[in-house]
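Just so you know, these numbers come straight off a predicted model, no measurement behind them. In listed order, ligands and their atoms are each counted from 1.
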Amino acid sequence: MDNRRRPIGVFDSGVGGLTVASAIKQILPNENIVYFGDTAHLPYGDKSAEAIKGYSHRITEFLLGYDAKMILIACNSASASAYESLKETYSGRAEILDVINPVVDYIANKGFHSVGVIGTKRTISSGTYSDKIGTAASGTKVFSMATPLFVPMIEEGFIFDDISNAIIRTYLSDPGLSNIEALILGCTHYPIIRNQISKFFNFNIEVVDSARIVAVRLREMLESESLLNDSSSRGKDLFFVSDYTEYFEKIARMFFEGNLDLKRADIWT
Ligand code: DGL
């Protein structure tokens with residue numbers, strides 16, 4: 001098969017990574033996606049780095065079984081835990097892209113004095129954002145904070161109401177975030193509450209959502225590797241989950257603009 005026609009493999013702990021898949025469809029409409037959401041093991045945000053690494057390797061094998069030309073880790077917790085190890089193991093077979101490095105480069109280019117990062121416990125305790133920003137932009141101060149209630153809050157549909165307002169206000173009132181110029185949404189679920197977060201800061205700071213930044217980086221990588229699909233006769237996108245429920249199907253629609261048909265792929269037995 002022409003290498004350019006091969007699909008892009010995208011994975012996440014569940015359906016939050018569909019925010020990144022959505023951005024890919026907007027920026028690269030000719031590309032086909034094979035998506036895998038590891039709903040049997042979510043949330044990754046509470047798991048150990050070792051466990052997430054193991055899951056990520058198996059999922060990558062699954063996506064390579066669909067002949068993926070590129071593997072995109074559309075999960076911050078997995079990017080923080082497994083990126084280096086996936087790169088080491090699979091870079092001869094497919095390019096590996098994560099959701100953290102493109103955002104770090106974006107922040108470094110902007111030259112902010114002070115930024116905040118919010119994400120899962122796994123992502124924040126890994127120190128990946130602060131370490132990488134410290135290397136790429138040593139003049140930028142980083143305040144990191146885990147905001148673990150945001151994922152279940154979003155999945156339960158508490159987005160524009162008293163519950164979400166109270167949780168958003170409680171987390172974001174932390175004094176560490178009082179003088180920031182930008183806030184990185186270090187979790188692929190958070191773009192869903194991006195407007196509410198901007199509003200909390202009176203639209204005075206830049207809220208950095210990785211989905212678009214990552215999709216643009218993906219396009220650059222595909223261009224530089226001559227892997228961009230320039231044919232408009234596309235195949236079908238495939239969406240797999242390791243555990244299927246109607247609930248996952250319902251929340252998946254909140255994260256992905258477009259047709260979506262979740263199929264169960266039991267890769268764990
Ligand atoms: N998608 C995960 C992330 O970006 C959040 C959900 C989870 O904890 O599994 O970190």
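Between Gly16 and ligand 1 there is no heavy-atom distance shorter than 4.0 Å. Distances from ligand 1 to the non-hydrogen atoms of Gly17 include no value under 4.0 Å.
At a heavy-atom distance under 4.0 Å, atoms from both the backbone and the side chain of Thr188 approach ligand 1.
Checked by distance only, ligand 1 and Cys75 stay at 3.5 Å or farther apart across all their nitrogen or oxygen atoms. Of the N or O atoms in Asp46, none lie within a sub-3.5 Å distance of an N or O in ligand 1.
Considering only heavy atoms from C-beta on, Ser22 comes within 4.5 Å of Glu257 through its side chain. Using a 4.5 Å cut-off on side-chain heavy atoms (C-beta onward), Thr39 and Tyr244 make no contact.
A donor-acceptor distance shorter than 3.5 angstrom exists from the side chain of Ser48 to the backbone of Ala51, with no hydrogens or angles considered. Between the Arg6 side chain and the Ala68 main chain, a donor and an acceptor come within less than 3.5 Å of each other. Of the possible donor and acceptor atoms, one in the side chain of Ser126 sits under 3.5 Å from a partner among the backbone N and O of Thr123.
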- prompt: Stepwise, does the side chain to side chain donor-acceptor pair (under 3.5 Å) test hold for Asp98 with Asn101?
  reply: CA-CA 6 Å; Asp98 72 328; Asn101 283 300; 3.2 Å; yes
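Within the listing of ligand 1, atoms 5 (C), 8 (O), 10 (O) sit less than 4.0 angstrom from a heavy atom of Thr120. Within ligand 1, the atoms closer than 4.0 Å to a non-hydrogen atom of Gly45 are 7 (C), 8 (O), 9 (O), numbered from 1 in the order shown. Which parts of ligand 1 touch Tyr44 is read off a 4.0 Å heavy-atom cut-off, strictly below it: atoms 7 (C), 8 (O), 9 (O). If you number the atoms of ligand 1 from 1 as listed, the ones under 4.0 Å from a heavy atom of Ser13 come out as 1 (N), 2 (C), 6 (C), 7 (C), 9 (O). Taking a cut-off of under 4.0 Å to the non-hydrogen atoms of Cys187, the atoms of ligand 1 that pass are 3 (C), 4 (O), 5 (C).
Considering every non-hydrogen atom in both Val104 and Ala136, the closest pair reads CG1-CB, 3.9 Å.
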